[in-house]
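Since the structure comes first, as structure tokens, the remarks are kept for the end.
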Amino acid sequence: MLNLLEEGFNLGLGVASVAYNKVDDLVKATLDKVGVKGEEGGNLKERLVNEGKAARERIAEATKEKSAKLADFMPLSAKLDAILSKLEKLEAEVAELKANK
């Protein structure tokens, strides 16, 4: 599931990256229609870009937090190895007990 989330996030970033020039043109056209000219448009564009960067940072931070919480519930490789080792010992003991009956 985490892989699907990561793939979706990467897909979104890819689309945003490819569409950057189109978005830039769209913003310029929209500002022209609204009547925002010159420096005001540049400031608005800069503000929107900064808001986008801040949103990306918030998403990254939230993703890190959720990943850390998820890691608490998922067994780590070392824990899994220890569990498998104990399971093998128990299976050997059960096999030995069955053989002694």
Side-chain angles (χ1 to χ4, degrees):
M1 180 168 170
L2 188 58
N3 189 23
L4 288 174
L5 291 174
E6 181 181 1
E7 197 170 285
F9 184 71
N10 287 336
L11 177 65
L13 287 178
V15 168
S17 176
V18 169
Y20 176 77
N21 289 332
K22 294 293 181 183
V23 171
D24 190 41
D25 293 341
L26 179 64
V27 168
K28 287 178 184 176
T30 303
L31 292 176
D32 288 342
K33 285 182 184 178
V34 175
V36 177
K37 299 285 182 199
E39 190 175 312
E40 290 177 2
N43 290 340
L44 179 59
K45 178 184 170 188
E46 185 177 323
R47 181 175 164 213
L48 291 173
V49 168
N50 289 336
E51 286 293 325
K53 287 178 181 178
R56 182 176 49 175
E57 289 174 6
R58 287 190 303 270
I59 290 170
E61 185 62 31
T63 302
K64 285 180 187 177
E65 288 176 13
K66 297 297 180 187
S67 296
K69 288 180 182 178
L70 183 61
D72 290 340
F73 294 105
M74 296 180 69
L76 300 175
S77 179
K79 287 181 182 178
L80 186 57
D81 289 341
I83 291 169
L84 290 174
S85 175
K86 288 179 182 180
L87 180 60
E88 287 175 6
K89 288 178 184 177
L90 287 172
E91 286 174 339
E93 288 178 14
V94 168
E96 184 180 329
L97 287 172
K98 284 183 180 180
N100 291 335
K101 279 189 175 182

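Index from 1, following the sequence.
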Measuring from K66:NZ to I59:CD1, what's the distance to the nearest 0.5 Å?
13.5 Å

Using the side chain to side chain contact (heavy atoms under 4.5 Å, CB included) rule, pick out the option among R47, E46, K53 that qualifies with V49.
K53

Are the side chain of S85 and the backbone of D81 linked by a donor-acceptor contact shorter than 3.5 Å?
no

To the closest 0.5 Å, what do you measure between CD (E61) and NZ (K64)?
6.0 Å

